[in-house]
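The block underneath contains the structure these notes are about, expressed in C-alpha cells.
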Amino acid sequence: MITIKSKEELNYMRQAGKILSEVFKAVEVFVKPGITTADLDKIAYDYIIKHNAKPSFLNYGGFPKSICASVNDEVVHGIPSKKRILHDGDIVTVDVGACFKGYHADAARTYAVGNISDEAKRLMKVTEECFFKGVALAREGNHIGDISNAVQQHAESNGFSVVRDLVGHGVGAQLHEDPNVPNFGKPGKGPKLKAGMTLAVEPMINEGTYQVWQLDDGWTIVTQDGMLSAQYENTIIITKDECEIITL
C-alpha cells in the first residue's frame, strides 16, 4: 500500500534527511587510502546517534552494521569490516539510513579513493546524472515509469547498464515501503505519483553487464563480470511541481 505522508510525518523525514546529508559530509573527509570500511561505519553511527536518531540499517533483517560499504564491483549491501582496507584507485559506495521519531530517510553516495581511473570517474558522474534525470520527472500526475525510463535512457546512452534485480522504493515509517522504483522501464507505466508520496530513488549503474549475484555472506551483491558499479540515492518528497530532495 502506498502511503501519503502528513505534514508532521514529512517534517520528521526532513530531519532524518538533514542528518544523512551531514553524515555524508563527515564520512567523505575520511574516504582515503588506508581507512577501513569499519572506520566509515563508526563515523556514520556516531553522528546519527549523537543527533537523536537511529541507524536504519543496523540489525535490519539481521544486517550487522549501520552503513552498507560496497567497494568496486560490489553493487550494494557490502558489510563494513576492519579487514576491508580502502586502496588508491578504489571506488566505494556508502549507503546509509537514519530514523528520526520513527521515520526513515535513505541515501547513498559513491566516492573516489585517492586517484581513480577516468572510466571510474565517468561512471560515477553518469550515475549521479541518472538520478537527476529521473527526479526531474518526479512530480504529481507523472508515473513511476517516467522516472525509471529517464534513468535507463541516460545510463544506456552513455554505454553503461542498469541493475535489474534491485530497485528503489517507497520510504517512511518503514525503511522499505510501496511502491518499487525500478531504474528501467517505460514512461507512463507504474503507479501514478501523488503529492505527499516519499520515495528513495537510487540508480545502480554498472560499467559492464547489468547481471549480478550474491556472495556467500548472504548480503553483498556484486557484478557478475567483476566490473565496477556505482550508486547515487536520495529520498524525495513528491509535490505538485518539482520534487523536494531531503537528503542533499
task = Among residues two or more places apart or on two chains, list those pairs meeting side-chain hydrogen bond (donor to acceptor under 3.5 Å, both in side chains) that have a residue in residues 154-163.
result = Glu129-His154, Gln152-Glu156
ask   = Would you say the side-chain atoms of Asn206 and Ser229 include a donor-acceptor pair closer than 3.5 Å?
value = yes
ask   = Heavy-atom distance under 4.5 Å between the side chains of Val96 and Phe24, does that happen here?
value = yes
note = For Glu74 and Gly78, the nearest pair of non-hydrogen atoms, with its separation, is OE1-CA, 4.4 Å
inquiry  = Quick check against the 3.5 Å criterion: does Asn149 have a side-chain atom that pairs as donor or acceptor with the backbone of Gly185?
reply    = yes
key: Ile237 vs Arg14 side-chain heavy atoms within contact, under 4.5 Å   = yes
inquiry  = Distance alone, cut at 3.5 Å: any donor-acceptor contact between the side chains of Arg139 and Asn142?
reply    = no
ask   = If we only count heavy atoms from C-beta on, is the Arg84 to Thr36 side-chain gap below 4.5 Å?
value = no
task = Check whether any side-chain heavy atom of Thr93 sits under 4.5 Å from a side-chain heavy atom of Arg109, and report yes or no.
result = no
task = Check Ser70 against His77 and note the closest heavy-atom contact, atom names and distance.
result = OG-N, 3.4 Å
message = Do Leu199 and Ile144 make a side-chain contact, defined as non-hydrogen atoms from C-beta onward lying under 4.5 Å apart?
response = yes
task = Check whether any side-chain heavy atom of Ile91 lies under 4.5 Å from a side-chain heavy atom of Ile116, and answer yes or no.
result = yes
ask   = Looking at His176 versus Tyr60, is the centre-to-centre ring distance below 6.0 Å?
value = yes
query = Do Asn234 and Thr247 meet the criterion of a side-chain donor-acceptor pair at a distance under 3.5 Å?
reply = yes
query = Using 30° and 60° as the class limits, which term best fits the ring planes of Phe57 and Phe63: parallel, tilted or perpendicular?
reply = perpendicular
key: Which atom of Leu20 lies closest to which atom of Ala105, heavy atoms considered   = CD1-O, 3.3 Å
Check: Thr198 and Ile236 side chains under 4.5 Å, non-hydrogen atoms = no
query = Backbone N or O of Glu8 within a donor-acceptor pair of the Asn11 side chain at under 3.5 Å?
reply = no
remark   = With Ile67 as partner, the option from Leu40, Leu58, Asp95 fulfilling side chain to side chain contact (heavy atoms under 4.5 Å, CB included) is Leu40
query = Rounded to the nearest 0.5 Å, how far does CG of Asp178 lie from CE of Met197?
reply = 9.5 Å
inquiry  = With a 3.5 Å distance limit and no angle check, can you tell me whether Asn72 reaches the backbone of Asp90 through a side-chain donor-acceptor pair?
reply    = no
ask   = Closest approach of Ile4 and Glu9, non-hydrogen atoms and distance?
value = O-OE1, 4.2 Å
inquiry  = Tell me if the OH atom of Tyr47 is crowded by more than 12 foreign heavy atoms within 6.0 Å.
reply    = yes
Pair Asp118 + Arg122, salt bridge at N-O below 4.0 Å = no
note = Between Ala150 and Leu137, the two heavy atoms sitting closest are CB-CD1, 3.9 Å
query = Charged N to carboxylate O under 4.0 angstrom, Lys5 versus Glu177?
reply = yes
task = Examine the side chains of Ser56 and His104 and answer whether a donor and an acceptor come within less than 3.5 Å of each other.
result = yes
key: Side chains of Thr110 and Thr127 in contact at under 4.5 Å (non-hydrogen atoms)   = no
query = Which heavy-atom pair separates Lys54 from Ile48 by the least distance, and what is that distance?
reply = C-CG2, 3.5 Å
